[in-house]
Protein chains: 2
Amino acid sequence: MTTEQPPRTTPATLVDVAERAGVSLKTASRAINGEPHVAEATRERVAKAASDLGFQLNSMASLLKRGIRSNFIGLVTGDLANPFYSSLAKGVERELRSQGLQLVVSSTDESAERERRLVEEMVARQVRALIVVSTLEASEVLQGAQDRGIPVVFVDRPADTLVADSVVLDNREGARMATQHLLDAGHRRVGFVGDFSRLPTHRQRLDGYLEAMAQAGVDGDEARLLVREDLHDAAGARGAVLDLLSLPLPPTALFTSNNRVTIGALTAFRASEAVAPALVGFDDFDLADVLGVSVITHDPVDMGSQAAKLALEALTARAPRGDALVLPVRLIERGSGEAAPGVDWRR
Amino acid sequence: MTTEQPPRTTPATLVDVAERAGVSLKTASRAINGEPHVAEATRERVAKAASDLGFQLNSMASLLKRGIRSNFIGLVTGDLANPFYSSLAKGVERELRSQGLQLVVSSTDESAERERRLVEEMVARQVRALIVVSTLEASEVLQGAQDRGIPVVFVDRPADTLVADSVVLDNREGARMATQHLLDAGHRRVGFVGDFSRLPTHRQRLDGYLEAMAQAGVDGDEARLLVREDLHDAAGARGAVLDLLSLPLPPTALFTSNNRVTIGALTAFRASEAVAPALVGFDDFDLADVLGVSVITHDPVDMGSQAAKLALEALTARAPRGDALVLPVRLIERGSGEAAPGVDWRR
DNA sequence: ATGAAAGCGCTAACAG
DNA sequence: CTGTTAGCGCTTTCAT
């Protein structure tokens, strides 16, 4: 069935197809688009002509005519190479695909400047909706997008000043559970290692940690001595943990507030002579089971789907209510959190 | 600077802007697009009018007129949630972004059927070029894309029947190095655990393994007893490794042919009573250093960039030469590969 | 069941 | 420096 190709110049248009099939432009259009009121024979003739010509509807023209400005949803995340974000992207894509929409992705690397540029670019390219893991320092452009009628959905981090829907995790409760778990194992000096202090996720997790600590009767100031913040990559977290471990009164347990920080902590444990503290991390990760690391887990793929669903709803002209959908988190106990103070949980 | 919004009906068009600025349509167009030959005062007036109206160029119309069918490059990968693919995506995106193009992503989950659908969809949406990690069972649609003038670049897995550029790793050499490294440590019974046997990456890695084994004087049939294939996820790999370990004459060393398989093997080690075999894995991964796992490493982000570069070149009408760009790999020794037979490398 | 004409919003000639 | 005239490829009336 080798269809001989036409001499590859300009792509065939509907007019060409109509001509070849011996019908009018409109009939060809009807046939191609599967509209009713076309005789079966005609439809087949058109289909044949189209396939002979390697015809492909020009979606630009089609969409222009229909007044649709695009079929794309934009996703602006921190860093695609981070499994958390890429899982999110996967969830978004899966949901959109089922609706015939496509996903355009981009990474800000947590730079507000890049976020601004990316959002502007996406707006210029007329994405139908925007799903963002925002640095929150670029809300003007997001406001601008919203003003232009492009729905904005926040994921992972709730909207700051904008009135927009968001999908977030139960950060505070997760952190509280993690910390409580460590306290229950008999620890008092529980440290906290966290991401950028400006992030709401961070702040909520810190709050949850402090809440648990306070409830256990640990003085706030005392707890804060064991808090390290603004660690955005594994290398930085590693340094901070080494620092904590070399304290005169080092923590006997650690709550690490995201996947990269947890990995940095594990690297630090390996590099340190000291007994590894007990550990619970926020975010599950590959090999956490092998390493016996207890974590606060959740479902980033689902989170992406939920965000996509909100974006799709928003497409149907519903005004944003500024709701935050809070997804549950769960503790998985693997041993690292149950260790008694001073006892190494690694084999 | 609260710009009052127009009563949000239909978005403003260039005509509206021109009218408001008191200039002709074309002058407005020139001003908006930053073309030369516009008086500074005029330009400003137009800019003001545009911003007052919340005007946004209709890219559909603009592109249609210019005969451009889109600004998007499609990336079709196996699974976005796999760090290898998401890093690839990151590299592609970074490269495209610098050229003002956008990235549309999708996951096939290694299903040929899905790949076909996704490619067709992307072609229908008129992506400028396609970058694919192909299952290779869907080459007709890719051929179709190419016939329609859409350049196709293969990543990770070389083109099968198509004449198209590709970017791949030096799989055979990597596998050879890994196996050699294990043999050098005194191992003879070196096992191989691999992905789908139909994948060229798999076959090349198996070849490299067999080559090293043969050179070390191990009989081919003997080696094949220690080969397990078609393990595409960690769970499957885990089972296969447990199976190998329970052999009467189990391997004392293992070469695991990709990141998931390696992770599955590590899970198996943990679950097994037996002494863990020495190990070298293909693909580096988070915590490999913490676990002391030696790996064959490479740069997936760069791989994405290279693929994007080829795609961009192809956009300028250059006919595909069917070249394969082979990216180097490197062994990182972390201890797991140097263990003497029968000695556990884990602390 | 089919077709003719109009025009989506924009840019590319070609004037002035 | 600015404006006028076409028309990109398609879908939408409104005929027939």
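Chain naming here is simple, since letters A, B, ... match the order of the sequence lines and numbering starts at 1 in each. Side chains are part of it too, since the values below use all heavy atoms of this structure and drop only hydrogens, waters and symmetry mates.
Atoms CG (L14(B)) and C1' (dC8(C)) sit 13 Å apart, rounded to a whole Å. When the C1' atom of dA6(C) is taken as reference, atom NZ of K26(A) falls 13 Å away, rounded to whole Å. With rounding to whole Å, R30(B) atom CZ is found 21 Å from dG9(C) atom P. Distance I32(B) CD1 to dC10(C) C1': 12 Å, rounded to the nearest Å. For E35(B) and dA13(C), the CD to P distance is 11 Å, given to the nearest whole Å.
Panel note: side chain D165(A), backbone D323(A); a donor-acceptor pair is recorded below 3.5 Å. For the pair S139(A) (side chain) and L136(A) (backbone), a donor-acceptor distance under 3.5 Å is absent. Listed for the N33(A) side chain is no donor-acceptor partner under 3.5 Å among the backbone atoms of E35(A). Judged by distance alone, with hydrogens and angles left aside, the side-chain atoms of R114(B) form a donor-acceptor pair with the main-chain N or O of S107(B) at under 3.5 Å.
The phosphate of dC10(C) (OP1 or OP2) has no side-chain N or O of S29(B) nearer than 4.0 angstrom. The side chain of S24(A) contributes an N or O atom lying less than 4.0 Å from OP1 or OP2 of dG3(C).
Ion pairing between a basic and an acidic side chain is recognised when a charged N comes within 4.0 Å of a carboxylate O; E113(B) and R116(B) show such pairing.
Scored by the side-chain hydrogen bond (donor to acceptor under 3.5 Å, both in side chains) test, E115(B) finds S134(B), T135(B) as partners (sequence neighbours excluded).
Think of the region where chain A sits on DNA chain D: with heavy atoms and a 4.0 Å cut, that region ends 5' and 3' at dG9(D) to dT12(D).
Between dG3(C), dA6(C), dT11(C), one nucleotide has an atom nearer to the side chain of K65(A) than all others, and that is dA6(C).
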